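To start, the structure under review is shown below, and the notes come after it.
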Amino acid sequence: MTTPTLPRNVLVVGSGGREHALVTALLKSPIKPRVICAPGNAGIEAQVPCFPISADNIPGLVQLAKDKSIDFVVVGPEVPLSLGLVDELNKVGILAFGPKADGARLEASKTYTKEILLKYKIPTAKAAFFTEPEKAHAYIDQNPGPIVIKADGLAAGKGVVVATHSAEAKLAATELLSLNAGSKESKSSILIEECLTGEETSLLVIVSGTEYIILPTAQDHKRIGENDTGPNTGGMGAYSPASIVNQELLKVIDETIVAPSVKAIAHEGIDFRGTLFIGIMLTPEGPKVLEYNTRFGDPETQVVLPRLKTDLLALLFAAATKTLGNITLEVISDVALCVVIAAKGYPGAYAKGEVITLLPLEALPPKSYILHAGTAKNKSDEIVSNGGRVLGIVALAPTLKEAASKAYWTCDAITYSSKVFRRDIGARQLRRE
Ligand code: AMP
Ligand code: GLY
């Protein structure tokens, strides 16, 4: 097979740590692409030109791609995907990595995903659907004990409540039904699920129609507090590989979850070309799907991409052009760990605009990186906080212990008055080693 010509003018859409990791990895491509980003953040801006067009401004992004002669767009977040950014880009002849709106629905609607999982008998938690609080409350009364309430639509990580008792579950059901009111996609519905127990793992799968490549495993740390306490967040840290998923378990996950999922999506008539991120709970009865996301995970991407030897641009382009068979995935043996520095108060209210003092690159431990998420520049050209998750501190090393000690050294050396981070990223795995 002839090697396809790779695109040279690349636009990355998004502004988080995930997009900073994507830009960094794309710049490493041997073809030396010209990369731009919209809207980006202070860290991305230091590497490539950024344009202040928000990720939900679909006409603005299409226009930018046309104006800048972009030949390949890599979409980071879920919102532009579900708003049909890829559909619109394709209409004007621009290739993109990321599913069209029909594929993005697998993330945008949890009831749709659950229907697919049940239809194709892919292991998942038992669930019931409700549109009225009274019926939801009656179901909760019939199913006492821990139970999970999920809003149907995209809710920026705030749509899932793992309730320990009935009163909490009923409150969540009422609140999540009202949260969705007015959303066209979700028609104010919720899902009430059996509460699964076990350890979670994130699997990023590059899908191209019926073909796919599983990227190295990763484990996120969803809760804000140490020892997995407090509310869920977008993710407070990650490491790769998730060693709990050994080759044998990965084979089971591939056979029972990944292959059937890719087949089901294609069977539904969706030509999916993007990342299928499968959230998996390793339950005592075997691995079960918690959710699908249709984009790279954040912060999983920050630990998965630095471990790829394979050119990311070639991989994403192959997925978008249905030539995934040309790609052999190569991974380095180093372990990667990322600690997220958040703003005090996150995932609730937090301050923005606080000055952050970073370290010069040469002061960092070897194989360490500072990825920006919610950061911006103020009028005095200082870096300031601009979001809930502010920075991702990444370190690579032969062992998880060394990676953690380097990442935490950097976390401690950064000055930022609202700085909070979990001290136990990777700790559960370290206790096992
Ligand atoms: P989701 O957005 O569906 O992945 O849910 C967010 C988080 O809520 C997951 O990462 C889990 O930590 C938790 N969760 C979701 N569904 C369940 C379930 N059925 N049982 C236990 N925990 C769950
Ligand atoms: N880290 C979880 C997510 O990206 O949804």
Side-chain angles (χ1 to χ4, degrees), residues 14 16-19 21-22 76-79 81-82 104 106-114 116-118 123-128 143 145-164 168-169 172 176 186 190-205 215 217-225 228-240 242 275-285 287-305 338-340 342 347 371 373 388-389 392 422 425:
R18 163 184 55 209
E19 286 75 23
L22 283 164
E78 58 276 21
V79 170
L81 294 170
S82 66
L106 291 163
E107 172 162 3
S109 169
K110 287 186 190 290
T111 52
Y112 173 62
T113 296
K114 188 59 86 172
I116 301 267
L117 291 168
L118 298 175
T124 188
K126 288 191 201 77
N143 294 276
I147 201 158
V148 182
I149 321 291
K150 295 186 176 185
D152 186 30
L154 292 178
K158 291 182 186 149
V160 177
V161 176
V162 182
T164 42
E168 193 188 348
L176 293 182
S186 58
I190 55 166
L191 208 62
I192 303 189
E193 268 188 23
E194 159 200 19
C195 188
L196 300 177
T197 54
E199 208 163 315
E200 279 182 55
T201 187
S202 306
L203 212 59
L204 301 177
V205 185
L215 296 186
T217 53
Q219 195 164 56
D220 189 10
H221 295 64
K222 286 237 154 81
R223 306 287 187 118
I224 186 71
D228 299 321
T229 53
N232 267 338
T233 68
M236 292 301 292
Y239 63 91
S240 173
T275 307
L276 183 69
F277 162 156
I278 313 181
I280 294 170
M281 185 78 92
L282 305 170
T283 79
E285 304 97 61
K288 295 191 181 181
V289 175
L290 286 170
E291 65 169 343
Y292 291 137
N293 293 311
T294 60
R295 47 158 178 95
F296 279 107
D298 188 345
E300 289 89 338
T301 304
Q302 289 87 311
V303 290
V304 168
L305 296 189
C338 173
V339 181
V340 169
L371 294 173
R389 291 189 291 172
R422 279 180 59 165
I425 304 303

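Whatever order the structure lists them in is the order used to number ligands and atoms, beginning at 1. Quantities reported herein were computed from a predicted structural model and do not represent experimental measurements. We number each residue from 1, following the sequence as shown.
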| message | Tell me whether Arg422 contacts the main-chain N or O of Gly225 through its side chain, where contact means a donor paired with an acceptor under 3.5 Å. | response | yes

shortest atom 3 (O) of ligand 1-to-protein heavy-atom contact is with Lys150 NZ, 2.9 Å

Restricting to heavy atoms, the pick from Glu200, Lys110, Glu193 nearest atom 9 (C) of ligand 1 would be Glu200

query: Just by distance, do the side chain of Arg389 and the backbone of Gly16 share a donor-acceptor pair under 3.5 Å?
result: no

Here the atoms of ligand 2 under 4.0 Å from any heavy atom belonging to Asp220 are 1 (N), 2 (C)

Atoms of ligand 1 under 4.0 Å from any heavy atom of Cys195, numbered from 1 in the order shown, are 20 (N), 21 (C)

Sub-4.0 Å heavy-atom contact, Phe277 with ligand 2 = yes

Quick note on ligand 1: atoms under 4.0 Å from a heavy atom of Asn232 include exactly 7 (C), 8 (O)

So, the side chain of Gln219 versus the backbone of Glu200: is there a donor-acceptor pair under 3.5 Å, distance only? yes

among protein heavy atoms, the one nearest atom 18 (C) of ligand 1 is Val148 CG2, 3.5 Å

protein heavy-atom neighbour closest to atom 13 (C) of ligand 1 works out as Val162 CG2, 3.9 Å

Nearest non-hydrogen protein atom to atom 5 (O) of ligand 1, with distance, is Val160 CG2, 3.5 Å

Contact region, Glu300 to ligand 2, non-hydrogen atoms below 4.0 Å, reads side chain

Taking only non-hydrogen atoms of Ala125 and a 4.0 Å limit, the atoms of ligand 1 in range are 19 (N)

One finds that the ligand 1 atoms under 4.0 Å from a non-hydrogen atom of Glu194 are 18 (C), 19 (N), 20 (N)

Does any part of the side chain of Pro284, heavy atoms only, come nearer than 4.5 Å to the side chain of Thr197, both counted from C-beta?
yes

Q) Is there a side-chain contact between Lys110 and Val160, using heavy atoms and a 4.5 Å cut-off? A) yes

Sorted by chain and number, sequence neighbours left out, side-chain hydrogen bond (donor to acceptor under 3.5 Å, both in side chains) with Lys114 holds for Thr124, Glu193

If you compare Glu291, Lys222, Arg295, Glu78 by their heavy atoms, the one closest to atom 5 (O) of ligand 2 turns out to be Arg295

Numbered in order shown, the ligand 2 atoms found under 4.0 Å of a heavy atom of Asn293 are 5 (O)

For Gly297, the ligand 2 atoms with a heavy-atom partner under 4.0 Å come out as 4 (O)

Here the atoms of ligand 2 under 4.0 Å from any heavy atom belonging to Pro299 are 1 (N)

min-distance protein heavy atom vs atom 20 (N) of ligand 1 -> Leu196 N, 2.8 Å

Nearest non-hydrogen protein atom to atom 22 (N) of ligand 1, with distance, is Met281 CE, 3.8 Å

protein heavy-atom neighbour closest to atom 17 (C) of ligand 1 works out as Leu290 CD2, 3.4 Å

The atoms of ligand 1 lying under 4.0 Å from a heavy atom of Lys222, numbered in the order shown, are 10 (O)

Between Thr275 and Phe277, is there a donor-acceptor pair closer than 3.5 Å when you use the side chain of the first and the backbone of the second?
no

